[in-house]
There are 2 protein chains.
Amino acid sequence: MAYVDSLVALADPTRRSLFEAIAARPASVKELAANLPISRPAVSQHLKVLQNADLVKAHAQGTRRIYELDRRGLEALRTYLDQFWTDALGAYAAEVARRTQT
Amino acid sequence: MAYVDSLVALADPTRRSLFEAIAARPASVKELAANLPISRPAVSQHLKVLQNADLVKAHAQGTRRIYELDRRGLEALRTYLDQFWTDALGAYAAEVARRTQT
DNA sequence: CAGAACCGTAAGTCACGACTTACGGTAAGT
DNA sequence: ACTTACCGTAAGTCGTGACTTACGGTTCTG
């Protein structure tokens, strides 16, 4: 259920900010913390959540840890959502068609 | 920012259960509550959240309210995620390519 | 070999959100 | 009209998770 972790991770506004910042450009923890109104340890904690949701991955570079995007988390989430796209137009289509109002 | 509401709504396990049940087949509040270990008012509260995330829509049928899937919420969420798919392969591609390890 | 820079974890606080019960409101049945 | 069925909202409780400060560990630099 990796998609669950992705959903929970991205539901938090601070983690979304981190994720979006990392997606735009890989960065160190300090750099990421500089653009947020919270402490550096808080950023580390959020990154941990993002990381084991496979939304982000890190690699050391000297004493710094550079975080970059990991597409596996997004992919899991995407797959989960796509399931409803097709389901909603398959078995569910007949039901909807009858009372269509959209 | 409709996608934010969708993310928050689907981050809760109970709301996911409701959403998935509704996606599989439209149902009344009582029917939905019957398959969950929580009270009926709790279900109503969750449905309210799902509804103003545009993940679900309701229409009255006698004294019952039938909830069915609303694709607008999913669409908003999908669009948000797709943004990273392309971004991550565009401006971000060069950065990654250099330190590729995946 | 200090000292500094960068980071993760531990422990504790506090607000928020997921529940409950109680209540009121509307539509159908007799 | 009265009762029953179905539902939403109000108010209050309680656990979880998003923060903080404090600490220890590792890697460059002088």
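Values below: every heavy atom of this structure, side chains too, minus hydrogens, waters and symmetry copies. Sequence lines set the chain letters: A, B, ... in the order given, protein chains first and strands last, and positions in each chain run from 1. Everything numeric in this text was worked out from a predicted model, so none of it was measured.
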Tell me: CD of B:Gln61 to P of D:dA5, nearest whole Å? 18 Å
Is any side-chain N or O of A:His46 closer than 4.0 Å to OP1 or OP2 of D:dG17? no
Whether the side chain of B:Arg16 engages the backbone of B:Leu10 through a donor-acceptor N/O pair (distance < 3.5 Å, no angle test) should be reported. yes
With a 3.5 Å cut-off and no angle check, do the side chains of A:Tyr80 and B:Glu20 form a donor-acceptor pair? yes
Using whole Å, report how far NE2 of A:His59 lies from P of C:dG8. 13 Å
Rounded off to whole Å, could you give me the CG-to-P distance for the B:Leu36 and C:dA18 pair? 14 Å
A:Arg64 side-chain N/O to D:dC28 phosphate OP1/OP2 under 4.0 Å: no
Between D:dA18, C:dC7, D:dC7, spot the one nearest the side chain of A:Val29, thanks. C:dC7
Would you kindly give the CZ-to-C1' distance between A:Arg15 and D:dA18, to the nearest whole Å? 8 Å
Quick tally for nucleotides 20-26 of chain C: nucleotides whose base has a protein heavy atom under 4.0 Å get B, sugar-phosphate-only ones S, the rest -, giving BBB----
Hey, does the side chain of B:Arg15 reach the backbone of B:Val8 with a donor-acceptor pair shorter than 3.5 angstrom? yes
Write down the distance between CG (A:Leu47) and P (D:dC19), rounded to a whole number of angstrom. 12 Å
Just to confirm, is there a sub-4.0 Å distance from OP1 or OP2 of D:dC6 to any side-chain nitrogen or oxygen of B:Arg65? no
Could A:Asp82 and B:Arg78 be called an ion pair, given the rule that one side-chain N must be under 4.0 Å from one carboxylate O? yes
Provide, to the nearest angstrom, the distance between the CD atom belonging to A:Glu31 and the P atom belonging to C:dC6. 10 Å
Measuring to OP1 and OP2 of C:dC7, would you say a side-chain N or O of A:Tyr67 lies under 4.0 angstrom away? no
Between B:Thr14 and C:dC19, is there a side-chain N or O to OP1/OP2 distance below 4.0 Å? yes
Would you mind telling me which of C:dC6, C:dA18, D:dC7 lies closest to the side-chain atoms of B:Lys30? D:dC7
Side-chain contact test, heavy atoms from C-beta onward, threshold under 4.5 Å: evaluate it for A:Trp85 versus B:Leu74 and give yes or no. yes
Does a nitrogen or oxygen in the side chain of B:Ser28 sit under 4.0 Å from OP1 or OP2 of D:dC7? yes
Just how far, in rounded Å, is P of D:dT27 from CD1 of A:Ile66? 15 Å
Let me know the distance between NZ of A:Lys48 and P of D:dA18, rounded to the nearest Å. 13 Å
B:Ser6 side chain to B:Gly73 backbone, donor-acceptor under 3.5 Å: yes
Quick one: are B:Asp5 and B:Asn52 in side-chain contact, heavy atoms under 4.5 Å? no
